[in-house]
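Fair warning: this is a prediction, and the values are worked out from it, not measured in the lab.
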Amino acid sequence: ITENTDAAEIFIAPDGNDENSGTIDAPFKTLDRARLAARDLKNMTSGGVIVNIRGGEYDFSKSVSFSKDDSGKGGAPIIYRAYNGEKVSFVGGEKIDNSKISTVTSGEIYDKVKDPLAKRKLMKIDLADYQLSELSDYGYVFNYNYNPVEVTVNDSTLTVARYPNNVKDNAYLSITDVNTEAFQSRKTPVSMTVSDPDDRMSGWSESSIKEMMVAGFFVYDWYYAAYKAASFDKQTKTVTTENGTYYAPKKGGRICFLNIPEEIDRPGESYIDRENKVMYFYPFCDMENADVKISQLKASMVKLESANYISFEGISFETTRSTPISAVSCKGLTFDGVHVRHTSNKAMSFFNCTDTAVRNCNIYDTAAGGVIFNCDDTLRKTLTPDGNIIENNVIHDVTRLYYVYAPAVQVKGVGTEILNNKLYNSPHSLAILGGNDILFQHNEVYNAVTDGGDAAAVYWGRNPSNLGFKILDNYFHDIGN
């Protein structure tokens, strides 16, 4: 451990050792070891502590928790930063060795795939060594805790096979009839008959139907959910859910079917044979030297509670099942130049935090939203500004699983500033606001509400005390429904 003019310094590296001294020549190995060292060192300097993180990947099998004892001070923060701009990745999963990936030329799943090109290119991954997640109902007001194990190839997450494909104007089938006579919300399964103009469904096997899910906008264009199917009658085209739905479906609702191996027909689509722990997929790139990872961690990588004046700079948080960054009752946090991608939940979550900044970050390919600041009504009672700011970020494509109410930015606070961001690509809203005196200025917002309805690119309401919002000097374009 060495000390600069004002701030003391600690070093960690992928090839370090937690028994080392933490210098540049003898670095620690883990973030948690550096956190403990910073606790001691901060009392020996007036300028705070800089933890220099050398380039490489750091695997997280559990959370690293920060408490008030890990706090810096105003003007003397604890800074965790990528050293000299080196590429640093915090990974909540494991790299899959290429020896576990192979071409498929025969077998039950191979025979099920109908598309000739997909069949010729079909590959599989042996997942026997990894924890897998079970299928579950999920969606708006139903279950935001469905954060499945997913596989990424290079910079994209594989998606489950879908019918119809997610193609503009042809992404759904229409509900033509429903049976909801005895409907009780979330208690009684429902049956729906759907259109099948191409008679595609007659080719689905009974074994595939057992793992099928039905998803979509069943009744309202702001309500998207996915449910496990209990049965499917191929002759009448009637699907029955395994569990109760939140709202009763209606004629004209828009739905699709997920997790059907016969429907692997687009690059990036996949199907997991959970019984044999094998994933089948249609590759979108040459797999010989592809970087393939599987998410495993079902907890935040970094958890902060009552921890103040801590900064993270230039670090990538990726390939994890949960929201990788979560903070509760913190002050003076900064996330600068951080990348978040390939999560099965949100990117960052802050509750009752003040004077906290998210700036210059790049966030994409998450399942349930981007950055969320939330608070109770303590500050609102006195309209005390929270001092939080979200600025100069690029946030897009954050609805891989949760299509609605999973915006790029969600804020409930007092005086929070959302400035100079680029927000784009969402089937629903890109910003949802609550609280008081929120400033939304100089942002570019586009490709919003492309698949939902009764919503807007920037959305608030249903609470008459939400007052004082300023929406100024923004560039809105290519807004959908």
Side-chain angles (χ1 to χ4, degrees), residues 138-142 144 146-147 150 155-157 159-160 162 165-172 215-218 220-226 254 256 258 268 323 339-349 358 361-374 390-412 416 418-434 438 440-462 469 471 474-481:
Y138 66 92
Y140 175 62
V141 299
F142 200 86
Y144 276 87
Y146 178 62
N147 312 123
E150 296 178 290
D155 199 27
S156 296
T157 301
T159 58
V160 295
R162 165 180 170 151
N165 289 321
N166 194 5
V167 178
K168 183 176 173 59
D169 298 327
N170 292 291
Y172 299 96
F217 298 89
F218 293 84
Y220 305 116
D221 285 331
W222 47 263
Y223 170 63
Y224 180 96
R254 300 178 292 138
C256 62
L258 306 175
T323 300
H339 291 237
V340 183
R341 59 182 182 170
H342 315 324
T343 81
S344 300
N345 205 317
K346 299 175 180 63
M348 304 180 186
S349 175
V358 176
C361 297
N362 189 12
I363 296 169
Y364 63 96
D365 192 34
T366 70
V371 177
I372 177 171
F373 277 86
N374 204 349
I390 303 169
E391 64 175 345
N392 301 329
N393 305 288
V394 178
I395 309 176
H396 63 97
D397 296 284
V398 293
T399 57
R400 192 177 57 254
L401 291 176
Y402 295 85
Y403 276 31
V404 297
Y405 299 101
V409 172
Q410 183 167 350
V411 167
K412 179 187 175 186
T416 307
I418 306 167
L419 309 173
N420 307 313
N421 301 284
K422 181 179 285 189
L423 313 176
Y424 61 97
N425 290 358
S426 173
H428 199 246
S429 298
L430 278 165
I432 295 180
L433 310 181
I438 308 300
F440 190 90
Q441 187 172 28
H442 294 155
N443 302 283
E444 182 180 5
V445 182
Y446 60 98
N447 289 351
V449 201
T450 59
D451 205 8
D454 193 5
V458 179
Y459 178 95
W460 72 90
R462 304 186 70 176
F469 296 172
I471 315 296
N474 301 281
Y475 177 31
F476 294 94
H477 60 97
D478 298 287
I479 308 302
N481 296 343

**Prompt:** To the nearest 0.5 Å, how far apart are OH in Y223 and OH in Y405?
**Reply:** 12.5 Å
**Nearest atoms (heavy-atom pairs only) where V445 meets I479** = O-CD1, 4.0 Å
**Item:** 4.5 Å side-chain heavy-atom contact, I372 and T323
**Value:** no
**Prompt:** Partners of N165 by side-chain contact (heavy atoms from CB on, under 4.5 Å), sequence neighbours excluded?
**Reply:** V167, D265, R266, E269
**Asked** Would H428 and Y403 count as a close aromatic pair, with their ring centres under 6.0 Å?
**Response** no
**Item:** Student check: side-chain heavy atoms of F373 and I438 closer than 4.5 Å
**Value:** no
**Fill in**
When rounded to the nearest 0.5 Å, the distance separating OG1 of T416 from CZ of F440 is 12.5 Å
**Request:** Taking all heavy atoms of A456 and all of V449, pick out the closest pair and write down the distance.
**Result:** C-CG2, 3.5 Å
**Item:** Between CE on residue M348 and CD1 on residue I390, distance to nearest 0.5 Å
**Value:** 9.5 Å
**Message:** Show the nearest heavy-atom pair for residues A347 and T366, with the distance to one decimal.
**Reply:** CB-CG2, 4.3 Å
**Request:** Provide the closest heavy-atom pair for N474 versus H442 in the form atom of the first, atom of the second, distance.
**Result:** OD1-N, 3.2 Å
**Request:** Work out which heavy atom in V358 is nearest to a heavy atom in N393; give both atom names and the distance.
**Result:** O-ND2, 3.0 Å
**Message:** For the CD atom of E391 and the CD atom of Q441, what is their distance to the nearest 0.5 Å?
**Reply:** 11.5 Å
**Contacts of W222 that satisfy ring-ring contact (aromatic ring centres under 6.0 Å, His included) - sequence neighbours left out** = Y140, Y220, Y247
**Request:** Quick one: do T157 and R341 satisfy side-chain contact (heavy atoms from CB on, under 4.5 Å)? Show the steps, please.
**Result:** CA-CA 9 Å; T157 301; R341 59 182 182 170; over 6 Å; no
**Counterpart residues, ring-ring contact (aromatic ring centres under 6.0 Å, His included), relative to H477 (two or more places apart)** = Y446, Y475
**Complete:** Sequence neighbours excluded, the answer for ring-ring contact (aromatic ring centres under 6.0 Å, His included) partners of Y172 is F217
**Prompt:** Mind checking whether L423 and V409 have side chains closer than 4.5 Å, heavy atoms only?
**Reply:** yes
**Request:** Any chance you could lay out the side-chain hydrogen bond (donor to acceptor under 3.5 Å, both in side chains) test for D478 and N447, step after step, and finish with the verdict?
**Result:** CA-CA 5 Å; D478 298 287; N447 289 351; over 6 Å; no
**Request:** Walk me through it: do N362 and V394 pass the test side-chain contact (heavy atoms from CB on, under 4.5 Å)?
**Result:** CA-CA 5 Å; N362 189 12; V394 178; 4.0 Å; yes
**Message:** Restricting to side-chain contact (heavy atoms from CB on, under 4.5 Å), what partner residues turn up for P407, sequence neighbours left out?
**Reply:** Q410, I432
**Asked** Between A406 and T399, what is the shortest heavy-atom contact and its length?
**Response** O-CG2, 3.4 Å
**Request:** Identify, with sequence neighbours excluded, every residue that meets ring-ring contact (aromatic ring centres under 6.0 Å, His included) alongside H396.
**Result:** Y364, Y424
**Fill in**
Distance col, row K346:NZ vs N147:CG, nearest 0.5 angstrom, shows 8.5 Å
**Request:** Go through the steps for I395 and V371 under the test side-chain contact (heavy atoms from CB on, under 4.5 Å), then give the verdict.
**Result:** CA-CA 9 Å; I395 309 176; V371 177; 4.1 Å; yes
**Prompt:** Would you say T450's side chain and S426's backbone share a donor-acceptor pair under 3.5 angstrom?
**Reply:** yes
**Request:** Any chance you could lay out the side-chain contact (heavy atoms from CB on, under 4.5 Å) test for I418 and L433, step after step, and finish with the verdict?
**Result:** CA-CA 10 Å; I418 306 167; L433 310 181; 3.8 Å; yes
**Asked** From L419 CG over to N443 CG, what is the distance, rounded to the nearest 0.5 angstrom?
**Response** 7.0 Å
**Asked** Hey, does the side chain of R162 reach the backbone of A171 with a donor-acceptor pair shorter than 3.5 angstrom?
**Response** yes
**Message:** Please check this pair: side chain of R400 against backbone of D365, looking for a donor-acceptor N/O pair closer than 3.5 Å.
**Reply:** yes
